S.K.: 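Please read through the structure below; I'll follow up with questions.
A, B, ... follow the sequence lines: proteins, then strands. Residue 1 opens every chain. This is a predicted model, so every value here is computed, not measured.
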Number of protein chains: 2
Amino acid sequence: MKLSEFELEVINLMWELKESTAPALHQEICKTKNVTYSTVKTIIDRLEKKSAIKRIKNYGRTIVYAPAIEQSSLQKPLIKTFISKVCAGNPRLLLNHLLEDEKLSDDDLAYLQSVLDKRK
Amino acid sequence: MKLSEFELEVINLMWELKESTAPALHQEICKTKNVTYSTVKTIIDRLEKKSAIKRIKNYGRTIVYAPAIEQSSLQKPLIKTFISKVCAGNPRLLLNHLLEDEKLSDDDLAYLQSVLDKRK
DNA sequence: ATTTAATAATGACAAGTGTAGAGATGAGTT
DNA sequence: AACTCATCTCTACACTTGTCATTATTAAAT
């Protein structure tokens, strides 16, 4: 399955919220981008056509959607592709960004350390 | 600047090779994908129009191209976007892939260790 | 029961992308 | 000088993507 950037943005919200509606997602997205309800709904429709999300119930006429695929099932191939395409043979920058800008949990750090120990 | 996936693939080769020609790049890409010379040349033309690569000389009629932008100038924003879009708040999988599948140099590992030490 | 305001469905369009064929052109070969 | 083959240039086309307007529909308010 291949999702566009915008589709990815929407399904990410969906994973975060567990379930949501078109009006709610529109509001959420409007915090960062100025797009109409129509635009967001189109993306939702496309996600549905791709079977990435599904309708689970209704509030009045409002459709409630939920993810139909797992986050990791999308992440894995994307990560592989990204690293090979963007960081081809030179992962240092990525590493750097991860360590400096992302908030790694203590758990993540401990994991990192354990891997490093093994490598020695 | 925004490059498509295919454009990215080609300019990555270019960074690796320092300079190259359409026929050479075509051959290289054919190792993994079955595309015609025309297709590859179109991508090269688009990269040129976007000023991502430039002509530096000729061998006979064959044009030699070289990157016109730095690898890191593209990587940085892409990495930021990617992590926020794909790994939204959950960088563990990415970390994992980096550590397990990518060949990190000793230098990279030492760097990692030094960052970890500082965090303690 | 009517009206209204919100939500959904449909259709559309320009730009970008992957893909390639056809024709021009010229460097090297005979 | 003529020819040929590799390479370049130009054009094209279907598909995806971001974007939205319009129209249909119906729950809720009057």
Side-chain angles (χ1 to χ4, degrees), chain A residues 1-14 17 19-66 74 77-78 81-82 85-86, chain B residues 1-14 17 19-66 74 77-78 81-82 85-86:
Chain A
M1 168 145 27
K2 189 165 160 51
L3 303 186
S4 78
E5 200 147 331
F6 201 169
E7 285 164 358
L8 220 39
E9 189 179 341
V10 170
I11 204 176
N12 263 318
L13 278 175
M14 209 76 107
L17 302 170
E19 60 176 57
S20 192
T21 66
L25 288 169
H26 175 227
Q27 273 212 339
E28 193 60 28
I29 287 168
C30 272
K31 286 181 188 167
T32 45
K33 258 197 239 183
N34 237 38
V35 286
T36 65
Y37 168 83
S38 268
T39 300
V40 175
K41 184 58 162 54
T42 299
I43 299 301
I44 292 173
D45 290 344
R46 288 177 184 167
L47 279 172
E48 193 189 4
K49 187 182 285 176
K50 291 181 179 180
S51 301
I53 63 176
K54 62 189 172 197
R55 296 163 185 231
I56 54 172
K57 59 185 170 186
N58 293 67
Y59 291 143
R61 331 176 43 220
T62 308
I63 303 157
V64 180
Y65 297 91
L74 252 200
L78 281 182
T81 308
F82 181 79
K85 292 278 166 62
V86 174
Chain B
M1 169 145 27
K2 190 164 161 51
L3 303 186
S4 78
E5 200 147 330
F6 202 169
E7 285 163 358
L8 221 39
E9 190 179 342
V10 170
I11 203 176
N12 264 317
L13 278 175
M14 209 76 108
L17 303 170
E19 60 175 56
S20 192
T21 67
L25 288 169
H26 176 226
Q27 272 212 341
E28 193 59 29
I29 287 168
C30 272
K31 287 180 188 166
T32 45
K33 258 198 238 184
N34 237 38
V35 285
T36 66
Y37 169 82
S38 266
T39 300
V40 175
K41 186 57 165 56
T42 299
I43 298 300
I44 292 174
D45 290 345
R46 288 177 185 167
L47 279 172
E48 195 189 2
K49 188 182 285 179
K50 291 181 180 182
S51 301
I53 64 177
K54 61 189 173 199
R55 296 162 185 231
I56 55 172
K57 58 186 171 187
N58 293 68
Y59 291 142
R61 327 179 48 222
T62 308
I63 303 156
V64 180
Y65 298 90
L74 252 201
L78 282 181
T81 309
F82 180 79
K85 292 278 166 61
V86 174

S.K.: Please report the distance, rounded to the nearest Å, between NE2 in H26(B) and C1' in dT9(D).
M.R.: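 Atom-to-atom, H26(B) to dT9(D), this comes out as 17 Å.
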S.K.: Mind checking the CG-CD spacing from L17(B) to E28(B)? Nearest 0.5 Å is all I need.
M.R.: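 Spacing of CG (L17(B)) from CD (E28(B)) equals 6.5 Å.
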S.K.: When the ring planes of Y37(A) and H26(A) are compared, do they come out parallel, tilted or perpendicular, using 30° and 60° as the limits?
M.R.: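 Y37(A) vs H26(A) ring planes: perpendicular.
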S.K.: Could you tell me, to 10°, how much the axis swings from one end of the helix from dA1(C)-dT30(D) to dT30(C)-dA1(D) to the other, five pairs per end?
M.R.: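 Result, rounded to 10 degrees: 10°.
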S.K.: If you measure only the distance, is there a donor-acceptor pair under 3.5 Å linking the side chains of T39(A) and T42(A)?
M.R.: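 No pair is found: no donor N or O on one side chain lies under 3.5 Å from an acceptor on the other.
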S.K.: For the pair made of CD1 in I11(B) and P in dT17(C), what is the distance, rounded to whole Å?
M.R.: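 Between P of dT17(C) and CD1 of I11(B): 14 Å.
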S.K.: Would you say a side-chain N or O of Y37(A) is under 4.0 Å from OP1 or OP2 of dA21(D)?
M.R.: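 For Y37(A), the contact criterion (side-chain N or O under 4.0 Å from OP1 or OP2 of dA21(D)) is not met.
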S.K.: Using whole Å, report how far CZ of R55(B) lies from P of dT7(D).
M.R.: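 Nearest whole value for this atom pair: 15 Å.
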S.K.: E7(B) and I44(B): side chain to side chain contact (heavy atoms under 4.5 Å, CB included), yes or no, with the steps?
M.R.: CA-CA 8 Å; E7(B) 285 163 358; I44(B) 292 174; over 6 Å; no
S.K.: Side chain of I63(A) only, please: which of dA24(C), dT9(D), dA8(C) is the nearest?
M.R.: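 Looking only at heavy atoms from C-beta outward on I63(A), the closest nucleotide is dA8(C).
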S.K.: Measuring from atom OG of S20(A) to atom CD1 of I11(A), what distance do you get when rounded to the nearest 0.5 angstrom?
M.R.: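 CD1 of I11(A) is found 12.5 Å from OG of S20(A).
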S.K.: Please pick, from dT25(C), dA9(C), dA27(D), the nucleotide with the shortest atom-to-atom distance to any side-chain atom of K41(A).
M.R.: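 The answer is dA9(C), which lies nearest to the side chain.
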S.K.: What is the distance from CD1 of I44(B) to C1' of dC10(D), rounded to the nearest Å?
M.R.: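 Computing the I44(B):CD1 to dC10(D):C1' distance gives 16 Å.
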S.K.: Is the NZ or CZ atom of K33(B) positioned over F6(B)'s six-membered ring, under 6.0 angstrom from the centre and within 45° of the axis?
M.R.: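 Checked: cation-pi criterion met.
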S.K.: Please name the pair of heavy atoms, one in K2(B) and one in E5(A), separated by the smallest distance, quoted to 0.1 Å.
M.R.: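 Closest heavy-atom pair between K2(B) and E5(A): NZ-OE1, 4.0 Å.
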S.K.: In whole angstrom, what separates N58(B)'s CG from dG28(C)'s C1'?
M.R.: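 So the two atoms are 16 Å apart, to the nearest Å.
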S.K.: Using a 4.0 Å heavy-atom cut-off to protein, can you give one letter per nucleotide of nucleotides 14-20 of chain D, 5' to 3': B if the base is in contact, S if only the sugar-phosphate is, - if neither?
M.R.: ---BBBB
S.K.: Find the distance E48(A):CD to dT7(C):C1' and express it as a whole number of Å.
M.R.: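 Roughly 14 Å, once rounded to whole Å.
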S.K.: Taking K41(A) first and then D45(A), would you say they form a salt bridge - that is, a charged N and a carboxylate O separated by under 4.0 Å?
M.R.: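 Result for this pair is yes, salt bridge flagged.
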S.K.: Over how many whole Å does the gap from R61(A) atom CZ to dA9(C) atom C1' extend?
M.R.: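 That distance rounds to 9 Å.
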S.K.: Does the pair R55(B) and E48(B) meet the rule for a salt bridge (Lys or Arg N to Asp or Glu O under 4.0 Å), with working shown?
M.R.: CA-CA 8 Å; R55(B) 296 162 185 231; E48(B) 195 189 2; 2.6 Å; yes
S.K.: Looking at every strand, decide which applies to D45(A) at a 4.0 Å heavy-atom threshold: base, sugar-phosphate, or nothing.
M.R.: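 Base contact.
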